[in-house]
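Structure record follows, encoded as structure tokens.
Side chains are part of it too, since the values below use all heavy atoms of this structure and drop only hydrogens, waters and symmetry mates. Not measured: the values here are computed from a predicted model. For reference, positions follow the sequence shown, starting with 1.
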Amino acid sequence: MYFYKILVPFKNKTLKQYYLFLVFIFFNSCQYFDKQIPSEKELLQKELKSINWKEVDEYPSVVDCEKIDNKAQRQQCFFEVLTQLIQEKLSVDTLSVLYPELDTIEVKVTVFPNATMQFEPQFPKDSVAYDKIKIDSILKVRLVDFPKINPAIKRGIPVKTQFILPVILKVE
């Protein structure tokens, strides 16, 4: 009982002295609990800005290139295989008979998410020497029955990709 009489006034005196200090700490500690939670729209916009929309995680590929682990080598393999297939299909001399001066044609290749492909010839803007409609129809007739193409992947989702391949028609 004796110690109780000594401690009670000491506690009350200590609390009175540090009351201002405790109030200050109490109000300052509240700011740690009052964090702003970003909205869904802000998080979405931040994530969309961080994504590089010009590049894909995995380029389109064919079965022959699937065994390659390096991303750049797999892309190069795909372009080489596709260029070779296009050259073989166009080597039947329809284009070289109609346009003997045409040795290289640029073909815009579109690979869709459902693994289908579309081919469009690319000509210089001022070119009037070629019948663009005729060449386009020849490409549509000749460029069919390709092996299975796996579409490009971006964040686990198949996406549409486009690229331009120079196709050599005459090898001398």
Side-chain angles (χ1 to χ4, degrees), residues 31-96 98-99 101-172:
Q31 70 182 343
Y32 295 114
F33 301 111
D34 203 20
K35 298 280 184 193
Q36 290 292 332
I37 299 173
S39 70
E40 289 180 25
K41 288 182 180 179
E42 289 173 0
L43 287 174
L44 176 64
Q45 291 303 319
K46 184 178 178 183
E47 186 68 21
L48 288 175
K49 286 179 184 176
S50 70
I51 296 173
N52 181 359
W53 293 104
K54 300 288 183 193
E55 290 221 9
V56 293
D57 299 334
E58 290 182 32
Y59 289 96
S61 66
V62 292
V63 176
D64 296 341
C65 300
E66 288 292 320
K67 59 186 175 269
I68 301 172
D69 291 332
N70 187 313
K71 184 178 177 180
Q73 289 176 349
R74 183 183 291 183
Q75 176 190 8
Q76 185 64 32
C77 173
F78 173 71
F79 287 150
E80 288 172 1
V81 168
L82 194 59
T83 302
Q84 181 182 5
L85 287 170
I86 293 172
Q87 285 173 347
E88 287 173 7
K89 290 181 181 284
L90 293 179
S91 67
V92 179
D93 54 10
T94 311
L95 281 176
S96 47
L98 289 174
Y99 304 102
E101 71 282 353
L102 187 63
D103 63 345
T104 302
I105 186 170
E106 289 187 343
V107 179
K108 180 178 178 183
V109 180
T110 306
V111 180
F112 293 98
N114 62 358
T116 58
M117 295 193 322
Q118 177 181 351
F119 302 95
E120 299 173 43
Q122 300 294 300
F123 299 103
K125 300 258 187 253
D126 58 350
S127 174
V128 292
Y130 308 114
D131 185 359
K132 297 175 184 178
I133 296 171
K134 188 179 274 188
I135 292 176
D136 189 40
S137 64
I138 291 171
L139 286 180
K140 286 188 173 153
V141 169
R142 297 278 183 208
L143 300 180
V144 292
D145 298 330
F146 277 87
K148 184 177 185 297
I149 303 283
N150 298 323
I153 304 291
K154 180 72 173 177
R155 298 188 144 226
I157 300 170
V159 292
K160 176 177 123 177
T161 51
Q162 291 182 326
F163 44 90
I164 296 177
L165 290 177
V167 178
I168 300 170
L169 299 175
K170 290 182 186 176
V171 179
E172 293 180 15

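Put simply, the side chain of Y59 does not reach to within 4.5 Å of the side chain of R74, judged on heavy atoms. Under the 4.5 Å side-chain criterion, counting only non-hydrogen atoms from C-beta, T161 is not in contact with T110. Between M117 and L82, some side-chain heavy-atom pair lies under the 4.5 Å cut-off. Under the 4.5 Å side-chain criterion, counting only non-hydrogen atoms from C-beta, V81 is not in contact with P147.
Heavy atoms only, all atoms of each residue included: D57 and R155 are closest at OD2-N, 2.5 Å. The two residues E66 and N150 come nearest to each other via the heavy atoms OE2-ND2, 3.0 Å. Nearest heavy-atom pair, V144 versus K140, reported as atom, atom and distance to 0.1 Å: CG1-O, 3.5 Å. Across all non-hydrogen atoms, the minimal contact from P151 to A115 is CD-CB, 4.2 Å. The two atoms that bring T83 and F79 nearest to each other are OG1-O, 2.7 Å, heavy atoms only. The heavy-atom pair separating K67 from D64 by the smallest distance is NZ-O, 3.0 Å.
Here D69 pairs with nothing under the side chain to side chain donor-acceptor pair (under 3.5 Å) rule; sequence neighbours left out. Applying the side chain to side chain contact (heavy atoms under 4.5 Å, CB included) rule to Q76 yields the partners E80; only residues at least two apart in sequence or on another chain are considered.
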Next item on the list: Determine, step by step, whether V62 and I149 satisfy the side-chain contact (heavy atoms from CB on, under 4.5 Å) criterion, reporting the C-alpha distance in whole Å, the side-chain angles of both residues, the deciding distance to 0.1 Å, and the verdict.
Entry: CA-CA 5 Å; V62 292; I149 303 283; 3.3 Å; yes

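Considering CD1 of I164 and CD of E120, their distance stands at 9.5 Å, rounded to 0.5 Å. Here CG of L43 is found 11.0 Å from CG of L48. Values are rounded to the nearest 0.5 Å.
F119 and F146 have their aromatic ring centers within a separation under 6.0 angstrom.
The disulfide (SG to SG under 2.5 Å) pairs that include a residue from residues 40-78 are C65-C77, where partners are two or more places apart or lie in different chains.
Between the side chain of K71 and the backbone N or O of E58 there is no donor-acceptor pair closer than 3.5 Å.
Taking a 6.0 Å sphere around NZ of K160, one finds it holds 12 or fewer heavy atoms contributed by other residues, nucleotides or ligands.
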